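Here is the structure we will look at.
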Amino acid sequence: MFITRHDVKLPASTVAPPSANQSAHVTSHRNIPAFGPFASLSSAVMTHLPQSGGKRKEQATGMEFPEECCVLTQKDCPVLTGFGVRNKKLMGLKNVKVYAVGLYVDPKAAKKLLSSKQADISAVQGIPEQAVFDDLVTSNDVEKSLRMVISFGGVNKKNFWAALEERMEPAMKQAGDVAPLQEFGALFDGVKFRKGLQLNFTSSKDGALITQVDDQEVGIIKSSLLTRTLFDVYLGQDPVSPDAKQSIGRGLVNLAIEENA
């Protein structure tokens with residue numbers, strides 16, 4: 001089920017005018033200030049992430065991440081749990097650092113989830129068992145956002161989407177519903193990719209996927225299958241960025257420790 005698309009004006013440097021054959025399919029009904037002030041209560045979650053002023057810096061790309069991500073609410077916002085880099089062969093080049101990716105979670109809801117999973121969390125190993133990641137992916141009770149910051153200037157819509165679709169399509173086909181994936185890909189049709197472009201994907205309480213480009217909402221797709229599949233690309237058994245998943249796992253362990261302190 002999809003929300004009707006309205007015309008959305010993004011910054012001229014980011015979005016090109018829609019093509020004549022672009023469908024009016026999904027989306028936006030509000031502009032959201034995406035990132036709010038830092039909640040000191042959850043600072044322990046980010047002790048493993050390098051600081052850069054009031055932000056956190058992903059070292060491999062140099063891209064900075066706000067410490068909070070406020071999309072569905074402006075109070076008690078989800079906090080950054082970890083980040084890493086997405087490497088991919090592009091344009092004949094090996095191991096291109098395509099983008100930095102980080103995960104934000106609602107700390108209160110995540111703590112509640114983690115409290116029931118203590119047997120699957122090891123502070124000694126520093127990363128939870130896969131069951132914890134799976135529960136986080138499938139839970140609609142934990143508000144969460146994936147944030148990507150493009151770090152390679154050679155990225156364009158075609159190669160970005162081809163890489164993401166390659167990872168998402170098998171699961172969508174297996175579930176017998178690829179229409180949401182097609183709608184999702186169409187959201188990037190007018191986007192001008194560049195170094196520093198920010199993409200944000202938030203899972204709502206009903207499992208819908210909210211997409212933002214440079215902090216402006218461009219679409220909402222009501223498909224819990226699509227949302228789960230996207231988050232599984234980064235938190236599943238075979239993540240596209242293993243270092244990001246490991247960093248996120250450390251953040252979840254920090255949350256669990258904070259819960260038990």
Side-chain angles (χ1 to χ4, degrees), residues 32-39 42-73 76-88 96-107 109-110 113-114 126-128 132-133 136-137 139 142-152 155 160 163-164 167 193 195-204 209-215 217 227-236 239-255 258:
I32 306 172
F35 297 98
F38 174 54
S42 299
S43 60
V45 179
M46 294 177 281
T47 55
H48 62 299
L49 304 177
Q51 283 187 295
S52 177
K55 297 184 178 182
R56 303 284 167 154
K57 180 181 287 189
E58 199 287 310
Q59 297 293 294
T61 60
M63 296 300 162
E64 294 181 340
F65 286 72
E67 294 175 329
E68 285 191 344
C69 176
C70 302
V71 176
L72 303 181
T73 179
D76 297 328
C77 299
V79 298
L80 183 63
T81 60
F83 48 41
V85 60
R86 168 63 159 126
N87 293 307
K88 179 72 175 176
V96 172
K97 297 178 177 64
V98 183
Y99 56 80
V101 57
L103 179 74
Y104 295 80
V105 300
D106 173 355
L113 176 70
L114 293 170
I127 187 168
V132 175
F133 290 106
L136 183 60
V137 167
S139 175
V142 181
E143 181 187 344
K144 49 192 175 286
S145 292
L146 280 168
R147 179 177 174 86
M148 303 176 191
V149 186
I150 303 299
S151 56
F152 177 59
V155 176
F160 172 83
L164 192 56
R167 292 301 300 257
F193 281 77
K195 186 175 181 178
L197 180 75
Q198 301 165 9
L199 303 172
N200 202 69
F201 308 103
T202 298
S203 173
S204 71
L209 186 67
I210 302 169
T211 299
Q212 294 173 302
V213 177
D214 278 343
D215 297 343
E217 184 183 300
T227 303
R228 291 195 308 269
T229 302
L230 176 62
F231 280 83
D232 191 66
V233 169
Y234 300 91
L235 303 177
V240 297
S241 175
D243 65 317
K245 181 180 176 182
Q246 184 174 18
S247 176
I248 292 164
R250 289 183 62 188
L252 294 176
V253 169
N254 289 343
L255 261 180
E258 189 179 75

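Please read these numbers as outputs of a predicted model, since none were measured by experiment. Quick note: residue numbers are just sequence positions, from 1.
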Problem - Considering all heavy atoms, the nearest Gln212-Val71 contact - result: OE1-CG2, 3.6 Å
Completion exercise
Closest non-hydrogen contact found for Gly236 with Pro239 is O-CD, 3.4 Å
Problem - Heavy-atom check, side chain of Leu72 versus side chain of Ile210, under 4.5 Å - result: yes
Exercise for the section: Determine yes or no for a side-chain-to-main-chain donor-acceptor pair under 3.5 angstrom, with Lys88 supplying the side chain and Val240 the backbone. Expected result: no
Exercise for the section: For the residue pair Met63 and Lys55, establish whether any side-chain heavy-atom pair is separated by less than 4.5 Å. Expected result: no
Problem - Student check: side-chain heavy atoms of Leu136 and Leu103 closer than 4.5 Å - result: yes
Handout entry: Inter-residue atom distance Lys97.NZ - Asn87.CG, 0.5 Å rounding
Key = 6.0 Å
Practice task
Could you walk me through whether Leu199 and Phe160 pass the side-chain contact (heavy atoms from CB on, under 4.5 Å) test, one step at a time?
Solution key: CA-CA 12 Å; Leu199 303 172; Phe160 172 83; 3.6 Å; yes
Problem - Closest contact, heavy atoms only, Phe231 versus Phe201 - result: CZ-O, 3.7 Å
Handout entry: Closest heavy-atom pair and its distance - Ala163, Arg86
Key = CB-NH2, 4.2 Å
Practice task
Begin with the C-alpha distance, continue with both residues' side-chain angles, and end with the deciding distance and a verdict on side-chain contact (heavy atoms from CB on, under 4.5 Å) for Arg228 and Val137.
Solution key: CA-CA 6 Å; Arg228 291 195 308 269; Val137 167; 4.2 Å; yes
Handout entry: Pair Val45-Leu80, side-chain contact (heavy atoms from CB on, under 4.5 Å): steps then yes or no
Key = CA-CA 8 Å; Val45 179; Leu80 183 63; over 6 Å; no
Handout entry: Taking every non-hydrogen atom, the tightest pair across Asp243 and Gly84
Key = OD2-CA, 3.5 Å
Exercise for the section: Indicate yes or no: at least one non-hydrogen side-chain atom of Asn200 is less than 4.5 angstrom from one of Arg147. Expected result: yes
Problem - Rounded distance [0.5 Å steps], CZ in Arg167 versus OG1 in Thr229 - result: 11.5 Å
Practice task
Please step through side-chain contact (heavy atoms from CB on, under 4.5 Å) for the pair Glu143 and Tyr104, ending with a clear verdict.
Solution key: CA-CA 8 Å; Glu143 181 187 344; Tyr104 295 80; over 6 Å; no
Exercise for the section: Report yes if the side chains of Val149 and Thr61 come closer than 4.5 Å at any heavy-atom pair, otherwise no. Expected result: no
Problem - Reference residue Pro128; test side-chain contact (heavy atoms from CB on, under 4.5 Å); the match among Ile248, Leu114, Leu252 - result: Leu252
Practice task
Please tell me if the side chains of Arg56 and Gln51 come closer than 4.5 Å, counting only heavy atoms from C-beta onward.
Solution key: yes
Handout entry: Validation row: Val155, Tyr99 side chains within 4.5 angstrom (heavy atoms)
Key = no
Completion exercise
Rounded to the nearest 0.5 Å, the CG atom of Asp106 sits from the CG atom of Leu113 at a distance of 11.0 Å
Completion exercise
Interatomic distance, CD@Glu58 vs OG@Ser247, rounded to 0.5 Å, equals 8.5 Å
Practice task
Enter the distance from Phe83:CZ to Lys57:NZ here, rounded to the nearest 0.5 Å.
Solution key: 10.0 Å
Practice task
Using a 4.5 Å cut-off on heavy atoms from C-beta on, say whether the side chain of Cys69 contacts that of Ser145.
Solution key: yes
Exercise for the section: Could you tell me the separation between the CG atom of Leu255 and the CE atom of Met46, rounded to the nearest 0.5 Å? Expected result: 9.5 Å
